[in-house]
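Beneath this line is the structure, given in structure tokens, with notes to follow.
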Amino acid sequence: MLIELLRTRLRPYRRPMALAALLQAVEVVGVLLLPTLNAAVINHGVVTGDRGDVLRFGALMVLVALVVVAAGIGSVYFAARTALAFGRDLRSAVFRRVLDLSARQVGRIGSSSLEVRTVNDVAHLEALVLAVFTALAAAPLTCLGSLVLALNQSVSLSAVPAALLPVIAVVVVLVVVRMTAGYRRLQPRLDRLNRTLGEQITGIRVVRAFVRGEYERARFRRTNEEVLRHSLTVGRLLATMFPTVTLTANLATVAVVWLGAVRVDGGAVRIGTVTAFVEYLVLIVWSVAMTTFVFVTVPRASVSARRIREVLDTEPELAAPRDPVHPGTAPGSLELRGVGFRYQGAEEPALRDVDLAARPGETVAITGSTGSGKTTLLNLVLRLSEVSTGAVLVNGVDVRRLDGGALTATVGLVPQRAHLLTGTVAGNLRFGDPDATTAQLWRALEVAQAREFVERMPGGLDAPISHGGGNLSGGQRQRLTIARTLLRRPRIYLFDDCFSALDQATEAALLAELAVETAGATVLMVAQRTSTIRRADRVVVLDEGRVAGTGRHEDLLGNPVYREIAHAQPARMEAG
Ligand SMILES: Nc1ncnc2c1ncn2[C@@H]1O[C@H](COP(=O)(O)OP(=O)(O)OP(=O)(O)O)[C@@H](O)[C@H]1O
């Protein structure tokens, strides 16, 4: 899976990869030449006292060293460029796929896990690519070249590195296998830590209000300890690997020096040969250490690759139509025909056999007790979920056949939970229409009864909005999200109980302005207050996912479900 992912995603970077490999090869050849040149300086120059040879070979060594440095810098540059561009592309691919997933699919993987996968897991693969292109190609070449040249210097001394390599190989393989298992256990714990932290930070007010600080601290400590325990397991393995490799290498160096000394003494080997041999041994150990360094990043990267592939391979369940229909400039009628919907894993359907029609210029209120399916119904219109039975039709066309962009341009939703993005007031409003003029922004704010408070904010339209709109009140957030949707000028408006945080006077003013602004459009309005419901041309009452009644407010007063809702707010009923 890891190889496949790297192969496909690195394809666009063949050129910088080839350059990095070429420069690495130049670097390796230079590095391999240096000990032999050094041996020549000692054997031909120093031992025989020939200054000319010392200078000739010395100058050559300096030249080779300069080439090695230049090639090294170049290869790292191209390797880093490849790795960073690869990371950027992979992050974008994961992010694009996440945007296409349905709420159910995001819920199945977990939003915090998706965050970790998009950032951390991609970074692990990026680190692997960098390690591969800075070390992996050079290391085996260096190792092999050093072995051959060491053999060329002395066959008898070569027994030492020949015995050394299998020992190190066995240690590396054993550790890498165990580390893969360790990382596989560690990664979900990191997801959990992220989720716990996210929940605690976003829910900090609830935690404080319910004096659950100590409980939450303990919960975080437990998760954190678990991450520590699994990180330590992996860390211990890592810690054993490098000392084992260096210890074996140092013992080998001692063996070579001892064996070499005996042979120099006996006249079988020259001193320069032993020096070169020790240098080749150092190179062999260096290349093994570099290979080990790459292999250490492999287990973590292969776990990350699996997690990234899981996201990339998740087919968005809200499939785009093969032959999409554009609704064109039709005014925007809406119809639900025998619609049923069941959430994954739920025992009961959230909606059953719902029939509803709304024509342009008409306002239909949807009411019902909590959990009766009102939000679910609106989500089906925008295809945020897919109907289980029946069909939703916009301008007479099944939404499953409509072009996705055209559907969202035709239908505008103001969700129940107002959510704003980090930025400014204007930036959030222009989410609705990027080309909106300042005058249009103020007009939308005026309709949404938000002009006054935005004017009072420091900077007005440029006032900062913090994450989720946390620096605004619930009612202010709601009004900005209404203005944002108004700027979109959809032909069908879906208001999901988005007036609930407003006081009655503000709500009345907003509804009056809204009626003018949305005249000619189709409006579906989830509402609980009788004062709001009464303004609608028609009311649809939902009860446990079924339509329990349809008609005007006055006609429905005989309906037991509606009466219950209305009677729960007698004061408002009279006022409305
Ligand atoms: N993501 C989900 N997974 C499973 N069941 C869900 C999910 N969302 C909602 N439900 C269930 O579907 C039913 C309808 O929920 P929905 O949110 O549509 O109700 P609602 O009428 O909008 O409620 P409220 O007035 O409280 O906002 C409820 O029983 C709810 O528990």
Side-chain angles (χ1 to χ4, degrees), residues 98 100-114 195 199 202 206 314 316-318 334 336 338-356 358 364-390 392 399 411-419 474-475 477-478 481-482 485 493-502 507 523-533 536 538-550 556 559-569 572:
V98 171
D100 286 341
L101 298 181
S102 69
R104 197 184 68 85
Q105 289 174 313
V106 170
R108 184 176 58 77
I109 303 175
S111 53
S112 56
S113 179
L114 285 170
R195 191 173 58 229
E199 262 176 25
T202 48
V206 179
T314 305
E317 55 186 4
L318 305 175
L334 175 67
L336 273 75
V339 163
F341 178 77
R342 185 198 296 269
Y343 283 102
Q344 181 102 7
E347 282 185 11
E348 293 291 318
L351 289 174
R352 307 166 214 235
D353 216 13
V354 174
D355 287 313
L356 186 156
V364 175
I366 300 172
T367 193
S369 56
T370 176
S372 55
K374 305 179 292 293
T375 298
T376 307
L377 190 152
L378 296 195
N379 286 346
L380 294 178
V381 178
L382 253 181
R383 276 195 89 198
L384 298 176
S385 305
E386 200 89 283
V387 291
S388 309
T389 54
V392 177
V399 287
V411 184
L413 168 74
V414 182
Q416 191 171 24
R417 276 178 59 186
H419 189 84
R477 269 202 301 273
Q478 279 193 337
T481 53
I482 292 168
T485 303
Y493 284 89
L494 308 175
F495 295 104
D496 190 358
D497 207 5
C498 53
F499 314 115
S500 55
L502 308 181
E507 185 190 359
V523 178
L524 228 60
M525 190 180 278
V526 169
Q528 298 284 19
R529 286 182 185 165
T530 328
S531 52
T532 319
I533 299 168
R538 205 143 31 87
V539 183
V540 174
V541 186
L542 283 184
D543 183 32
E544 294 185 1
R546 287 179 199 281
V547 176
T550 311
L556 284 167
N559 182 301
V561 181
Y562 187 69
R563 223 184 18 235
E564 209 172 297
I565 296 167
H567 278 167
Q569 39 189 321
R572 282 198 202 113

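Side chains are part of it too, since the values below use all heavy atoms of this structure and drop only hydrogens, waters and symmetry mates. All ligand and atom numbering here is 1-based and tracks the order in the structure.
- Two residues are said to be in side-chain contact when any heavy atoms from C-beta on lie closer than 4.5 Å; Leu524 and Leu356 meet this criterion.
- Remark: Thr376 OG1 to Leu351 CG distance equals 5.5 Å, nearest 0.5 Å.
- In this model, no donor atom of one side chain and acceptor atom of the other lie less than 3.5 Å apart for Tyr343 and Ser385.
- Summary of contacts: the protein heavy atom closest to atom 10 (N) of ligand 1 is Tyr343 CE1, 3.3 Å.
- Contact annotation: Gly373 has at least one heavy atom less than 4.0 Å from an atom of ligand 1.
- Given atom 17 (O) of ligand 1, the protein heavy atom at minimum distance is Thr375 CB, 3.7 Å.
- Asp355 contributes a side-chain N or O that, together with a main-chain N or O of Gly338, makes up a donor-acceptor pair within less than 3.5 Å.
- When heavy-atom distances to ligand 1 are checked against a 4.0 Å cut-off, Ser372 comes that close through both its backbone and its side chain.
- Of the protein's heavy atoms, Thr370 OG1, 2.5 Å lies nearest to atom 26 (O) of ligand 1.
- In terms of protein heavy atoms, atom 29 (O) of ligand 1 is closest to Gly371 O, 3.7 Å.
- Near Gln416, with a cut-off below 4.0 Å to any heavy atom, the atoms of ligand 1 are 27 (O).
- To the nearest 0.5 Å, atom CD of residue Gln416 and atom CD of residue Gln478 are 9.0 Å apart.
- Among protein heavy atoms, the minimum distance from atom 18 (O) of ligand 1 is reached at Thr376 OG1, 2.4 Å.
- Atom 25 (O) of ligand 1 has as its closest protein heavy atom Lys374 NZ, 2.8 Å.
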Listed pairs under 3.5 Å, donor-acceptor, residues 107-114 side chains, sequence neighbours left out:
| unit_1 | atom_1 | unit_2 | atom_2 | d |
| --- | --- | --- | --- | --- |
| Ser113 | OG | Arg117 | NE | 2.8 |
| Ser113 | OG | Arg117 | NH2 | 3.1 |
| Ser113 | OG | Asp191 | OD2 | 2.9 |

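- Checked against salt bridge (charged side-chain N to carboxylate O under 4.0 Å, His left out), Glu544 has no partners two or more places apart in sequence or in another chain.
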